[in-house]
Amino acid sequence: MDGIHDLGGMQGFGEISMESEEPTFHEPWQATAFALMFASQVVVRSHNVDEYRHSIERMKPAHYLQADYYERVLTGTASLLVEKGHLSAEDLSARAGGAFPLSRPVAPSPMADLSPQLEPRFSVGDRVRVLTISPAGHVRAPKFCRGCVGTVLHRAPKFGFPDAAAHGGTRRKEHTYHVEFASQDLWPGEGSSKDSVVVDLWDSYLEAVNR
Amino acid sequence: MKKQEMASIEQRTQAVRDALLEQGLVTASDLDTFAHMPEDWKPENGAAVVARAWTDPDFRRRLLADATAACAELGYKGPQGEYIVALEDTPAQHNVIVCTQCSCTAWPVLGLPPDWYKSPEYRARVVREPRRVLKEMGLDLSPDIGVRVWETSAETRYMVIPLRPAGTEGFSDEALAALVSREALIGVAMASEPA
């Protein structure tokens, strides 16, 4: 989905604030939220990691931007536990003693039913273009590189195709590629000709470019 | 109808915890284990990998060929470390890591990511204006050095091997590792000069 999570290249954001000697968790609830996220996937087996990532993407945009990272972790996890029938939204709200905002519903994704690319279609050095797709569901091709042409630097092993896995599609794996884009191809007229962005992209997101 | 006030994040977290425990879907012991698991994942692990790569050419070769296996040699493996790729800086090429869509990181060697890495500001900006972001964070790169920004959009997890600082000949692995911060492993800082 073209959601608030897909931040790469978005303008208007300011200074990055850093903290020295930052602890792993600042507050005890953050460690609990992390543990609940992990336990929901490996103990309850309520959902997979792709569904989890998508649940955070589905948060209301204003909530997403103002929430702490572990608040996003908790909101996505709680949303899926409710959607999968393990918990009820009313019960959570009653226990919390106030409103408990959850993520927006899943929208169908046409990408979930794509035929898998079982064999790698690309090799190191190939020129490839990212498809100009904008499915309403989970997709891991960032907006900033869609429609752009880059060069394959490396072919990684096969990993589960997230668009299918996040939408209850058939579990299937295909290769990903580290594709290098010249920064000035992504944002013409900006930056340095020496700079590039390397994006890790599943085979199904790419098409061959004829030289 | 008056809009209900949002419960605090502490109350919401407690609500999910209590509901799962009461239904017997998880145990308190499960949650305790997972809450403490990140203690083993820390940037000191990645720093030890870098120090070894600086002092042991055979290890460096193995690390560049298969970082997952090379990190596992030193005991660093686990969730979000299933496929690690090491990015070696050169005098002409600087590497920096981001995950623009969430906050994916190589947990076993970098630890859980710091807040700045997870911030909308870093995620939005570093792909588009890396030099400005790095300069603001204290790393002013020469225009002659190329910057490669690595977007963690799939399942590869990256770590940067920064340049070994001058004046560290003969240093032990421990002394070298102490020069490598989490920020250097992500690529927003250089390894520190020796004191």
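Chain letters run A, B, ... following the sequence lines, proteins first and then strands; every chain starts at 1.
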Notebook entry, point to check: What are the two closest non-hydrogen atoms of Ala156(A) and Thr156(B), and how far apart are they?
Noted result: CB-OG1, 4.0 Å
Next item on the list: Identify which of Gly97(A), Ala78(A), Ser192(A) forms the greatest number of heavy-atom pairs closer than 4.5 Å to chain B.
Entry: Ser192(A)
Notebook entry, point to check: Hey, does the side chain of Arg12(B) reach the backbone of Phe100(A) with a donor-acceptor pair shorter than 3.5 angstrom?
Noted result: no
Next item on the list: Could you check which of Ser183(A), Gly191(A), Gly8(A) has the highest count of heavy-atom pairs closer than 4.5 Å to chain B?
Entry: Gly8(A)
Next item on the list: Mark yes or no for whether Glu190(A), through its side chain, and Arg128(B), through its backbone, hold a donor-acceptor pair below 3.5 Å.
Entry: no
Check: Looking at Arg17(B) and Thr32(A), what are the two nearest heavy atoms and their distance?
Finding: CD-CG2, 3.7 Å
Checklist line | Contact winner vs chain A - Ser119(B), Pro114(B), Cys99(B), heavy-atom pairs under 4.5 Å | finding: Pro114(B)
Notebook entry, point to check: Under a 4.5 Å heavy-atom cut-off, does chain B meet the side chain of Ser17(A), its backbone, both or neither?
Noted result: backbone
Item checked: Contact class of Glu183(B) relative to chain A, heavy atoms under 4.5 angstrom -> side chain
Checklist line | Leu25(B) to Val44(A) - nearest heavy-atom pair and separation | finding: O-CG2, 3.7 Å
Margin query: At a heavy-atom distance under 4.5 Å, which candidate from Thr75(A), Asp6(A), Leu87(A), Thr176(A) has the highest pair count against chain B?
Written below: Leu87(A)
Check: If we only count heavy atoms from C-beta on, is the Asp200(A) to Thr152(B) side-chain gap below 4.5 Å?
Finding: no
Margin query: Quick check for you: to the nearest 0.5 Å, what is the distance between Cys102(B) atom SG and Arg72(A) atom CZ?
Written below: 9.5 Å
Margin query: Is Leu92(A) close to chain B through its backbone or its side chain, or both, or neither, when contacts mean heavy atoms under 4.5 Å?
Written below: both
Check: Does Phe34(A) reach the side chain of Met37(B), with side-chain heavy atoms less than 4.5 Å apart?
Finding: yes
Check: Rounded to the nearest 0.5 Å, how far does CZ of Arg125(B) lie from CD of Gln11(A)?
Finding: 11.0 Å
Item checked: Distance in Å, Leu112(B) CG paired with Tyr69(A) OH, rounded so as to fall on 0.5 Å steps -> 7.5 Å
Note to self: Less than 4.5 Å to any heavy atom of chain A: does that hold for the side chain of Pro143(B), its backbone, both, or neither?
What the structure shows: backbone
Next item on the list: Measure distances from Val49(A) to the heavy atoms of chain B and classify the residue's part below 4.5 Å as side chain, backbone, both or neither.
Entry: neither
Next item on the list: Could you check if a side-chain atom of His178(A) sits within less than 4.5 angstrom of a side-chain atom of Val85(B), using non-hydrogen atoms only?
Entry: yes
Notebook entry, point to check: Between Arg148(B) and Leu153(A), is any pair of side-chain heavy atoms under 4.5 Å apart?
Noted result: yes
Check: Which heavy-atom pair separates Arg140(A) from Cys104(B) by the least distance, and what is that distance?
Finding: NH2-SG, 3.8 Å
Item checked: Option in Ser8(B), Ala19(B), Gly111(B) with maximal non-hydrogen atom pairs under 4.5 Å from chain A -> Ala19(B)
Margin query: Rounded at 0.5 Å granularity, tell me how far NZ in Lys173(A) sits from CD in Glu155(B).
Written below: 9.5 Å
Checklist line | Portion of Gln30(A) that has a non-hydrogen atom of chain B nearer than 4.5 angstrom | finding: neither
Item checked: Value rounded to 0.5 Å, distance of NE2 in His5(A) from OG1 in Thr100(B) -> 8.0 Å
Margin query: At a 4.5 Å cut-off on heavy atoms, which part of Arg132(B) comes close to chain A: side chain, backbone, both, or neither?
Written below: neither
Item checked: Side chain / backbone / both / neither for Arg53(A) at chain B, heavy atoms under 4.5 Å -> side chain
Margin query: Please classify the contact between Asp115(B) and chain A as side chain, backbone, both or neither, with a heavy-atom cut-off of under 4.5 Å.
Written below: both
Next item on the list: Below 4.5 Å from any heavy atom of chain B, which atoms of Leu81(A) appear? Answer side chain, backbone, both or neither.
Entry: side chain
Notebook entry, point to check: Of all of Ala7(B), Ser153(B), Ala92(B), which one pairs up most often with chain A through heavy atoms under 4.5 Å apart?
Noted result: Ser153(B)
Item checked: Segment of Ser93(A) engaging chain B (4.5 angstrom heavy-atom cut-off) -> side chain
Item checked: Structural part of Val179(A) lying under 4.5 Å from a heavy atom of chain B -> neither
Next item on the list: Identify the two heavy atoms, one from Phe38(A) and one from Pro79(B), that lie closest to each other, and give their separation to 0.1 Å.
Entry: CZ-CG, 3.9 Å
Notebook entry, point to check: What part of Gln101(B) gets closer than 4.5 Å to chain A, counting heavy atoms only: side chain, backbone, both or neither?
Noted result: both
Note to self: If you count heavy-atom pairs within less than 4.5 Å of chain B, which of Glu57(A), Met10(A), Met18(A), Glu15(A) leads?
What the structure shows: Met18(A)
Note to self: Do Tyr70(A) and Lys118(B) make a side-chain contact, defined as non-hydrogen atoms from C-beta onward lying under 4.5 Å apart?
What the structure shows: yes
Item checked: Under 4.5 Å from any heavy atom of chain A - which part of Val96(B) -> neither
Checklist line | Interchain contact, Leu36(A) with chain B, by part (heavy-atom threshold 4.5 Å) | finding: both
Notebook entry, point to check: Going from CD1 on Ile16(A) to CH2 on Trp116(B), what distance comes out if it is rounded to the nearest 0.5 angstrom?
Noted result: 8.0 Å
Next item on the list: Give me the ring orientation class for Phe159(A) and Tyr83(B): parallel if the planes are under 30° apart, tilted from 30 to 60°, perpendicular past 60°.
Entry: tilted
Margin query: Show the nearest heavy-atom pair for residues Ala35(B) and Ala31(A), with the distance to one decimal.
Written below: CB-O, 3.9 Å
Item checked: Toward chain B, the part of Phe181(A) with a non-hydrogen atom under 4.5 Å -> neither
Checklist line | Winner by heavy-atom pair count (cut-off under 4.5 Å) against chain A, out of Gln14(B), Gln23(B), Glu82(B), Glu129(B) | finding: Gln23(B)
Next item on the list: Using a cut-off of under 4.5 Å on heavy-atom pairs, state which of Trp187(A), Phe25(A), Phe144(A), Tyr64(A) scores highest against chain B.
Entry: Trp187(A)
Item checked: Contact winner vs chain B - Met37(A), His86(A), Glu19(A), heavy-atom pairs under 4.5 Å -> His86(A)
Margin query: Only pairs of heavy atoms separated by less than 4.5 Å count here; which of Val188(B), Thr27(B), Leu31(B), Ile9(B) has the most with chain A?
Written below: Ile9(B)
Notebook entry, point to check: Among Ala154(B), Ala15(B), Gly146(B), which has the most heavy-atom pairs under 4.5 Å with chain A?
Noted result: Ala154(B)
